[in-house]
Amino acid sequence: MGNIIKIQKGCKDILPENVTTWQFIEEKARETFSKAGFREIRTPIFEATELFQRGVGDTTDIVNKEMYTFEKSERSITLRPENTAGVVRAYIENGMHKLPTPVKLYYMGPMFRYERPQAGRQRQFSQVGVEMFGIETPVADAEIIALAVDYLKSVGLNDLDVEINSIGCPKCRDEYKNRIKEVLKDELPNLCEDCQVRYHKNPLRLLDCKVESCKKIFEKPEIQKVIQSDYICDECSKHFEELKLYLEKLNINYKINKLLVRGLDYYNRTVFEIKSNNLGTQNAVCGGGRYDTLVGNLSGQPTPAIGFAMGMERLISLIPQVENPKLDVFVVSDNMSNALYCTQKIREMGYSAEFDLNNRKFSKQLEKASKVAKFAVFYCENEVQKNVVNVKNLSLSTQKEVSFEELGSILNNER
RNA sequence: GCGAGUAUCGUCAAGCGGUUAAGACCUCGGAUUGUGGUUCCGAUAUGCAUGGGUUCGAAUCCCAUUACUCGCCCCA
């Protein structure tokens, strides 16, 4: 095998033994979100490149260097790097603003980002997320955060860190950015290369630089004063305070992380992340926030909105593998035709069943049965003659000769 | 785009310059051609990512290439 074709970098096969775990988290998502009145939406995996440029933002890394973009019939197409923009596009295009508010949607599926893969990061990865349109008040923020926590609980994750912050509205955030730039102006040449870029592109990101020399600079009192100041305007501040009260009432433990700023341009006011320390350096399972201007920016009726996305691979890595269910019945027979007949008959009764297509000898068939099934059903010459089967409970080692009609009740009772 | 590490069977691996490349799991066969899951025996890499080099001799040392992993940036 000299020249086998290999999977693409940053992609992963999900093999049958792991699929059960995926089905589990998908099922829990549908359950939890629909219980809260959210309905599933499925949008295309590719969209017009412009959607992401205008939606996610021209200055973001995602749009600048991570998109899978190609030309087809003189159109620029991009594999979706996230799904909020796509859902918003569908919301606008399908006139969903005419629906009763709030409009509550959820989605799950693959996303694509051209990045160097590492722990917790792939080029094709899956997100499950929710979006809520039409509610401006912080109850919506609280419900969304609670929903994220509920979902994580439903898959068995109870003690993750919920971090929240408010990045204000475009107006007060700009003032804050300017003040940061102002106070750091003289230090600019001393900052690391990345920070030099951040200074111009996204000053908010300056704050959590990990380079020691930068950290030292940021520790200076006059700079700390600016960083720590409650820069957001009264209205934004009130929104944030209310959110905190709701969360407290719901007994959701949160931490305020002033350094939490999200990398997508569309966010305003509430942003949040849910983190685990079992994830390595890419430690956020969930990220989200409010995006009140996005619908308008994409030429829809201005509509406030909030949502989150979770990385499903990261989620999977945090929960124990769900065991593959055992087969109900493995049919043991000395005759292929009878084996097939009996197996089909059991399947028709509503039970899972297999037989040995290799036609191995009796003891091998039974060995196989004990590995994969709860029951062995013998259907050999003897049984065929009498028109019965012998059913053996493989964990109890009990065996009984019964007719096909009686078989169902045994499988049902002992299963 | 930058930095570091790793590459031996389907999987996990031992081996650290000296004739036939441990072991375990999986798979397959046998003991046991109608009673399994716990037992015992046996089979399975002319090859150690690829291409060069050093050496009497290379899975082992050197160089290059490729792939993967981890980290930076950024994000789920």
Side-chain angles (χ1 to χ4, degrees), chain A residues 1-4 6-12 15 17 56 59-66 81-84 108-129 148 192-198 201-202 205 208-211 260-264 267 272-276 279-289 307-318 326 330 332-335 356 358-383 390-399:
Chain A
M1 39 188 232
N3 198 18
I4 57 170
K6 299 214 285 191
I7 195 167
Q8 288 305 104
K9 189 195 276 286
C11 298
K12 285 261 163 62
L15 300 174
E17 57 266 34
V56 178
T59 65
T60 62
D61 278 6
I62 290 182
V63 169
N64 270 326
K65 47 182 202 192
E66 295 175 6
E82 57 96 59
N83 206 29
T84 298
M108 56 183 107
M111 309 292 159
F112 305 85
R113 262 122 93 157
Y114 186 80
E115 300 179 87
R116 288 294 287 271
Q118 70 185 75
R121 171 191 290 161
Q122 295 169 204
R123 288 185 173 178
Q124 176 174 336
F125 62 103
S126 299
Q127 287 189 331
V128 49
C192 71
E193 235 174 84
D194 288 327
C195 281
Q196 306 265 351
V197 178
R198 289 192 192 105
K201 221 174 74 180
N202 190 353
R205 285 229 84 93
D208 61 350
C209 183
K210 282 140 202 142
V211 176
L260 176 60
V261 291
R262 317 227 64 249
L264 287 69
Y267 286 115
F272 64 96
E273 278 184 6
I274 301 178
K275 295 179 179 173
S276 161
L279 274 177
T281 160
Q282 309 299 327
N283 62 355
V285 211
C286 173
F308 67 74
M310 297 200 193
M312 297 175 85
E313 286 80 5
R314 292 183 189 177
L315 205 52
I316 293 274
S317 73
L318 289 176
K326 273 204 165 182
F330 194 88
V332 175
S333 175
D334 53 6
N335 174 290
D356 182 36
N358 287 312
N359 197 19
R360 277 172 294 209
K361 64 180 189 182
F362 188 90
S363 66
K364 290 295 176 189
Q365 290 191 29
L366 188 53
E367 188 182 331
K368 172 85 175 172
S370 71
K371 279 179 187 155
V372 300
K374 293 175 217 158
F375 295 90
V377 164
F378 302 110
Y379 192 59
C380 301
E381 200 50 40
N382 294 349
E383 286 87 358
N390 265 295
V391 53
K392 175 165 191 169
N393 183 319
L394 289 164
S395 53
L396 301 175
S397 277
T398 55
Q399 188 172 327

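Chain naming here is simple, since letters A, B, ... match the order of the sequence lines and numbering starts at 1 in each. Just so it is clear, the structure is predicted and the values come from calculations on it, not from any experiment.
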Length of the line joining A/Q122:CD and B/C68:P, which is rounded to integer Å:
12 Å

Name the residue closer to the 5' end of RNA chain B, choosing between A/A119 and A/A309 according to the nucleotide with the nearest heavy atom.
A/A119

Are side-chain heavy atoms of A/T281 and A/Q118 found at a separation under 4.5 Å?
yes

Mind checking the P distance from B/C63 to B/A7? Whole angstroms is fine.
15 Å

Identify all pairs in which a protein N or O lies below 3.5 Å from an N or O of nucleotides 29-34 of chain B, and state each distance.
residue: B/A31; atom: OP2; partner: A/K361; partner atom: NZ; Å: 3.2
residue: B/G34; atom: O6; partner: A/N382; partner atom: N; Å: 3.2
residue: B/G34; atom: O6; partner: A/N382; partner atom: ND2; Å: 3.1
residue: B/G34; atom: N1; partner: A/E383; partner atom: OE1; Å: 3.1
residue: B/G34; atom: N1; partner: A/E383; partner atom: OE2; Å: 3.3
residue: B/G34; atom: N2; partner: A/E383; partner atom: OE2; Å: 2.9

What integer distance in Å separates A/E313:CD from B/U69:P?
13 Å

Closest to the A/F125 side chain, choosing from B/A76, B/C72, B/C74
B/A76

Any side-chain donor near an acceptor of the partner, A/E383 and A/N390, under 3.5 Å:
yes

pair_partner(B/A31), Watson-Crick or wobble, both distances < 3.5 Å, evaluates to B/U39

Whole-Å distance separating the CZ atom of A/R116 from the P atom of B/C2
8 Å

If pairing requires Watson-Crick or G-U wobble contacts with both distances under 3.5 Å, which nucleotide is the partner of B/A4?
B/U69

Between the main-chain N or O of A/R360 and the side-chain N or O of A/N358, is there a donor-acceptor pair closer than 3.5 Å?
no

How far does the C1' atom of B/U6 sit from the matching atom of B/C12, given to the nearest Å?
16 Å

With RNA chain B as reference, determine whether A/K12 or A/G288 sits nearer its 5' end, using the nearest nucleotide of each.
A/K12

May I have the distance from A/R205 (atom CZ) to B/C73 (atom C1'), rounded to whole angstrom?
10 Å

What integer number of Å spans the C1' atoms of B/C62 and B/C16?
15 Å

Which value, in whole Å, describes the distance between the C1' atoms of nucleotides B/G29 and B/C70?
43 Å

Say we look at B/C2 and B/A49: how far apart would their P atoms be, to the nearest angstrom?
26 Å

Length of the line joining A/E66:CD and B/C72:P, which is rounded to integer Å
14 Å

Roughly how many Å apart are B/A45 and B/A13, using the C1' atom of each and rounding to a whole number?
14 Å

Got a donor-acceptor pair under 3.5 Å from the side chain of A/R121 to the base of B/C74?
yes

Pair A/V56, A/E82 - check side-chain contact (heavy atoms from CB on, under 4.5 Å), show working.
CA-CA 9 Å; A/V56 178; A/E82 57 96 59; 3.6 Å; yes

Counting only side-chain nitrogens and oxygens, does A/Q282 get under 4.0 Å of the OP1 or OP2 atom of B/A76?
no

Apply the test side-chain contact (heavy atoms from CB on, under 4.5 Å) to residues A/E313 and A/K12: give CA-CA distance (whole Å), side-chain angles for both, the deciding distance (0.1 Å), then the verdict.
CA-CA 10 Å; A/E313 286 80 5; A/K12 285 261 163 62; over 6 Å; no

Are any of the side-chain heavy atoms of A/R123 and A/K9 separated by less than 4.5 Å?
yes

In the structure shown, which nucleotide is the Watson-Crick or G-U wobble counterpart of B/U54, with both distances under 3.5 Å?
none

Rounded off to whole Å, could you give me the NZ-to-P distance for the A/K392 and B/U35 pair?
9 Å

Run the ring-centre check on A/F362 versus A/F378 and record whether the distance is less than 6.0 Å.
yes

So does A/R198 get a side-chain nitrogen or oxygen closer than 4.0 Å to the phosphate oxygens (OP1/OP2) of B/C74?
yes

So what does A/G129 hit on the nucleic acid, given a heavy-atom distance under 4.0 Å: a base, only sugar-phosphate, or nothing?
nothing

Tell me: CZ of A/R123 to C1' of B/G1, nearest whole Å?
12 Å

Considering every strand shown, what is the Watson-Crick or G-U wobble mate of B/G47 when both distances are under 3.5 Å?
none

A/F112 CZ to B/A76 P, straight-line distance once rounded to whole Å
16 Å

Looking at A/S126, does any N or O in its side chain come under 4.0 Å of the phosphate oxygens OP1/OP2 on B/A76?
no

Taking pairing as Watson-Crick or G-U wobble with both contacts under 3.5 Å, can you name the mate of B/C25, or confirm there isn't one?
B/G10

Would you sort out whether A/R205 and A/V261 count as a side-chain contact (heavy atoms from CB on, under 4.5 Å), showing the intermediate values?
CA-CA 7 Å; A/R205 285 229 84 93; A/V261 291; 4.1 Å; yes

Taking only the C1' atom of each, what is the distance from B/C25 to B/C61 in whole angstrom?
33 Å

Quote, to the nearest angstrom, the C1' distance that separates B/C73 from B/U44.
47 Å

Give A/E115 one of three labels, base, sugar-phosphate or nothing, depending on what nucleic acid heavy atoms sit under 4.0 Å from its own.
base

Please classify the nucleic acid contact of A/L315 as base, sugar-phosphate, or nothing, using heavy-atom distances under 4.0 Å.
nothing

Regarding A/K368, tell me which of base, sugar-phosphate or nothing describes its non-hydrogen contacts under 4.0 Å with the strands shown.
nothing

Under 4.0 Å between a side-chain N or O of A/K6 and OP1 or OP2 of B/A67?
no

What are the two closest non-hydrogen atoms of A/F330 and A/A369, and how far apart are they?
CB-CB, 3.6 Å

As its Watson-Crick or G-U partner within any shown strand, both distances under 3.5 Å, B/G17 has none

Spacing of OG1 belonging to A/T84 relative to CD belonging to A/Q127, to within rounding of 0.5 Å
7.5 Å

